[in-house]
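FYI, side chains are in, hydrogens and waters are out, and symmetry mates aren't considered; it's all heavy atoms of this structure. For this chain, numbers begin at 1 and follow the sequence in order.
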Amino acid sequence: MILHRITQFAHAGAPPTPAHFAVAHQHLSPSLFELFKSQHPRDIVHSAHTALWLLERGHQDPDLIAAALLHDIGKGPQRRLDRTAWVLAHAAHLDRMLPEARSRFEIRRALARSAAHSERGAELLVSAGASERVVALTRAHHSPPAGDPVLALLQQADAQN
């Protein structure tokens, strides 16, 4: 787990490539593709890799692939420090205590954005006309899968990338 997180941190600055945009363009409607492009570059790369991981394993469900491409859309702008702080807070079980949307400290506001990104992403997807299933998968991508094999696949792909 720690080695995986170190690898993620090391690769977090890689810019998106034309291939990342191509997979999204192929699998998203124009309005959802615009939403995809609006993500932080780090999230574009992560989301494209999440979708490619699924596609390489033969998963073709359009809602699953769209959710993979858009599951982190609610994060908004984040510094590398913000993301690192969220991972550490989560690992230390402080992810419910530290976030505060109205804090005078940017790091606590950033933690609040991370904590709420699934719900915020679902709201953005509703506004962009995503299917109910894509909205539901995005909203639940950090919740227990509760017997939903498609959600479990999304979570597995997300964790790998």
Side-chain angles (χ1 to χ4, degrees), residues 1-17 19-21 23-24 27-28 31-54 64-130 133-146 151-161:
M1 172 69 166
I2 292 174
L3 181 58
H4 177 68
R5 290 296 189 182
I6 291 170
T7 302
Q8 280 183 322
F9 184 82
H11 294 107
T17 67
H20 295 128
F21 292 102
V23 70
H27 292 278
L28 297 173
S31 62
L32 294 180
F33 182 62
E34 289 303 313
L35 202 54
F36 174 83
K37 292 188 315 184
S38 74
Q39 295 182 102
H40 187 282
R42 176 178 50 250
D43 292 324
I44 289 173
V45 171
H46 164 69
S47 297
H49 286 180
T50 301
L52 288 167
W53 188 92
L54 290 161
L64 172 61
I65 302 307
L69 290 163
L70 296 165
H71 69 280
D72 282 338
I73 192 66
K75 284 186 176 177
Q78 283 189 328
R79 303 168 298 183
R80 191 180 285 194
L81 170 65
D82 301 334
R83 182 66 187 140
T84 302
W86 176 253
V87 169
L88 293 172
H90 184 71
H93 305 288
L94 298 172
D95 50 335
R96 292 178 191 242
M97 294 171 48
L98 293 176
E100 177 53 58
R102 294 185 187 106
S103 175
R104 64 187 174 119
F105 299 106
E106 171 55 25
I107 193 73
R108 293 190 72 196
R109 293 191 307 270
L111 290 171
R113 289 191 300 272
S114 289
H117 84 276
S118 297
E119 186 60 37
R120 175 71 179 128
E123 293 168 3
L124 290 168
L125 289 169
V126 167
S127 295
R133 184 66 170 141
V134 172
V135 172
L137 288 167
T138 299
R139 181 175 279 124
H141 80 273
H142 286 294
S143 300
L151 178 56
L153 271 173
L154 176 59
Q155 291 172 338
Q156 184 180 10
D158 186 21
Q160 296 299 315
N161 294 288

Rounded distance (nearest 0.5 Å) linking atom [atom1] of [X] with atom [atom2] of [Y]:
X: L70; Y: T50; atom1: CG; atom2: OG1; answer: 11.0 Å
X: D158; Y: L54; atom1: CG; atom2: CG; answer: 10.0 Å
X: D95; Y: L88; atom1: CG; atom2: CG; answer: 11.5 Å
X: R83; Y: L81; atom1: CZ; atom2: CG; answer: 12.5 Å
X: R113; Y: R108; atom1: CZ; atom2: CZ; answer: 13.5 Å
X: Q39; Y: K75; atom1: CD; atom2: NZ; answer: 9.5 Å

Kindly give the heavy-atom pair with the smallest separation between [X] and [Y], and that separation in Å.
X: L69; Y: A48; answer: CD2-CA, 3.9 Å
X: T138; Y: L125; answer: OG1-CD1, 3.2 Å
X: P144; Y: L151; answer: O-CD2, 4.1 Å
X: F36; Y: F21; answer: CE2-CD2, 4.0 Å
X: A68; Y: L154; answer: CA-CD1, 3.6 Å
X: S38; Y: I73; answer: OG-CD1, 3.8 Å

**Request:** Start with the C-alpha gap between Q156 and W53, add the side-chain angles, then the distance that decides, and say whether side chain to side chain contact (heavy atoms under 4.5 Å, CB included) holds.
**Result:** CA-CA 10 Å; Q156 184 180 10; W53 188 92; 3.5 Å; yes
**Prompt:** Taking atom types as modelled, is there a side-chain donor on H71 or H142 under 3.5 Å from an acceptor on the other?
**Reply:** no
**Prompt:** Is there a donor-acceptor contact under 3.5 Å linking the side chains of S114 and H117?
**Reply:** no
**Request:** List the steps, then state whether side chain to side chain contact (heavy atoms under 4.5 Å, CB included) holds for D82 with L111.
**Result:** CA-CA 7 Å; D82 301 334; L111 290 171; over 6 Å; no
**Request:** For H90 and V87, indicate whether the former's side chain and the latter's backbone hold a donor-acceptor pair under 3.5 Å.
**Result:** no
**Message:** Whether the side chain of S127 engages the backbone of E123 through a donor-acceptor N/O pair (distance < 3.5 Å, no angle test) should be reported.
**Reply:** yes
**Prompt:** Going by heavy atoms in the side chains, are P15 and P41 under 4.5 Å from each other?
**Reply:** no
**Request:** Would you confirm whether the ring centroid of H46 sits within less than 6.0 angstrom of the ring centroid of H40?
**Result:** no
**Request:** For V134 and L32, run side chain to side chain contact (heavy atoms under 4.5 Å, CB included): C-alpha distance rounded to whole Å, both residues' side-chain angles, the deciding distance at 0.1 Å, then the answer.
**Result:** CA-CA 11 Å; V134 172; L32 294 180; 5.5 Å; no
**Request:** In sequence, state the C-alpha distance, the side-chain angles, and the governing distance for E119 and R139, and then conclude on salt bridge (charged side-chain N to carboxylate O under 4.0 Å, His left out).
**Result:** CA-CA 5 Å; E119 186 60 37; R139 181 175 279 124; 2.9 Å; yes
**Verdict with supporting geometry, H141 and L137, side chain to side chain contact (heavy atoms under 4.5 Å, CB included)** = CA-CA 6 Å; H141 80 273; L137 288 167; over 6 Å; no
